[in-house]
Each structure stands twice: as C-alpha cells, then as structure tokens.
Amino acid sequence: MTPSPQPHRATLSRDHMETAVRRYFDACNTVDRELFGRVLAEDVVHYLAVGMGGPIVGIDPVVERWGADVAANSSSWVVDGVFADERTRTAVCEWTSFKPGLGTVLRGVEVYRFDDAGLIDEVRIYYASRRDEAVPANELEGYPYAERGFAT
C-alpha cells in the first residue's frame, strides 16, 4: 500500500529551531513578552507534569506563569543542550532550572513542536526525576553533572 502524499510543509533548519529554543529560554529568564512573541505561536500549548496545573494555553498565560516563578523564586533556566530534527520539525532541549527562593535545582527536557510559520506551538516538559520539594536538587541520581560540563 502506498502512503498518502503529505501536504507540503516548509522545511525548518536545525539552526532555526535551536535559535528559537534558546530565545525561548532568554524570554523565560527575562520575562520578556516581546521575545516570547517572536518564538511562540499565539495559541501555544505548554504541557506540564502532573500536579503543576497545566496545560498552559497561549503566550500571555506562559509569560504570567514563568514571570510569577521568576518573581517568587528568583528562578532562572540554563540550556544544557538542544537537539533538533528537520524532518519532524521538533526540537528537544535539556535544561537546568535554578530556584534560589526554594533552594532547589531542577533538571529536565522539553520537546518543542514547530508550526508552519516556524514558531513553537507545543511544549512538553519532562523532569529528570519526580519533583521532590524535600531535596535540594531534583536531578538524575548519580549522573556526573559537573564532570560532564553541566551548570551546577
């Protein structure tokens, strides 16, 4: 059986997707609505881990959510690596989040889907481990973060 022809989709380069993901993190760290608008689709959906009150739908709710986190916890995020696939127009980012207000570090990955305009229209977050507010660092047990060059 011959597969159905796929509708034409514009190709996005890996550089485009990596730059968009890095700008997204810049937007999160600076709570910059204009910068969010340059990389996110207006109807972006940001899926969160169970218990985090997701999904977040739309740019303004994303700005409000991460802005509140920055204000309350002095949170910041660091990109540890970005991997992008042109065929699927999907990128994955491994990141570290520092939350001095809570005295914790979180590690995880997010998967980004890009729309026809080259904007991120979906974000799916996965934590390296179950969120545990009782420990100072939520990260993979035994992984040599500093030895491998990750921010610590």
Side-chain angles (χ1 to χ4, degrees), residues 12-115 117-152:
L12 297 177
S13 72
R14 281 191 236 171
D15 286 346
H16 171 91
M17 291 185 280
E18 180 174 350
T19 298
V21 168
R22 290 185 182 279
R23 285 185 179 151
Y24 172 71
F25 277 78
D26 290 343
C28 290
N29 287 326
T30 59
V31 194
D32 182 334
R33 169 56 169 97
E34 181 186 345
L35 191 50
F36 275 110
R38 290 181 7 207
V39 297
L40 297 179
E42 283 294 328
D43 59 349
V44 62
V45 179
H46 193 312
Y47 294 94
L48 304 168
V50 172
M52 292 182 64
I56 305 169
V57 180
I59 293 176
D60 289 329
V62 168
V63 175
E64 291 168 18
R65 177 66 177 254
W66 302 138
D69 194 20
V70 168
N73 304 311
S74 301
S75 297
S76 63
W77 295 266
V78 175
V79 172
D80 296 316
V82 178
F83 312 93
D85 180 62
E86 295 167 329
R87 187 182 58 78
T88 61
R89 295 197 309 186
T90 302
V92 175
C93 174
E94 187 170 13
W95 51 261
T96 301
S97 175
F98 297 93
K99 298 183 178 297
L102 297 174
T104 61
V105 174
L106 301 172
R107 298 187 191 276
V109 297
E110 288 180 336
V111 179
Y112 306 89
R113 187 180 72 184
F114 289 79
D115 67 12
L119 298 172
I120 297 167
D121 69 354
E122 181 180 285
V123 181
R124 301 188 311 268
I125 191 169
Y126 301 94
Y127 287 95
S129 60
R130 182 175 174 206
R131 288 181 66 130
D132 185 351
E133 305 297 334
V135 298
N138 282 265
E139 54 189 15
L140 296 173
E141 186 173 12
Y143 189 81
Y145 288 101
E147 181 181 310
R148 301 277 176 93
F150 287 82
T152 57

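Throughout, residue positions are numbered sequentially from 1 according to the sequence presented.
- Atom CD of residue E94 and atom CZ of residue F150 lie 4.0 Å apart, to the nearest 0.5 angstrom.
- Within the 4.5 Å cutoff, no side-chain heavy atoms of D80 are placed close to those of Y145.
- Other residues, nucleotides and ligands place more than 12 heavy atoms under 6.0 Å from the CZ atom of R22.
- At least one side-chain heavy atom of W95 sits under 4.5 Å from a side-chain heavy atom of L106.
- Heavy atoms only, all atoms of each residue included: S74 and P100 are closest at O-CD, 3.2 Å.
- Nearest heavy-atom pair across M17 and D85 is CE-O, 3.5 Å.
- In this structure, D32 contributes its side chain and A27 its backbone to no donor-acceptor pair below 3.5 Å.
- Between F36 and Y24, the two ring planes are perpendicular [angle over 60°; tilted spans 30° to 60°].
- Remark: L35 CG to R23 CZ distance equals 7.5 Å, nearest 0.5 Å.
- Listed here is the closest heavy atom pair of L48 and G53: CD1-C, 4.2 Å.
- With a 4.5 Å cut-off on side-chain heavy atoms, M52 and H46 do not count as touching.
- Screening D115, V62, D121 against L40 for a side chain to side chain contact (heavy atoms under 4.5 Å, CB included) leaves a single residue, V62.
- Annotation: the span from D43 atom CG to E122 atom CD amounts to 11.0 Å, rounded to 0.5 Å.
- Counting only heavy atoms from C-beta outward, the side chains of V31 and W66 never approach each other to under 4.5 Å.
- The two residues P55 and V45 make their nearest non-hydrogen contact at CB-CG1, 3.8 Å.
- For the atom pair R107 CZ and Y127 OH, the distance stands at 13.5 Å (nearest 0.5 Å).
- Residue Y112 forms a side chain to side chain contact (heavy atoms under 4.5 Å, CB included) with just one option from V92, T90, L119, V21, and that option is V21.
- Shortest non-hydrogen contact noted between C28 and V70 is O-CG2, 3.7 Å.
- Once rounded to the nearest 0.5 Å, the distance linking NZ of K99 with CD of E133 reads 9.0 Å.
- Panel note: side chain E86, backbone S13; no donor-acceptor pair is recorded below 3.5 Å.
- Note that the CG atom of L102 and the CG atom of D69 stand 7.5 Å from one another [nearest 0.5 Å].
- When every heavy atom of V79 is checked against every heavy atom of C93, the shortest pair comes out as CG1-SG, 3.8 Å.
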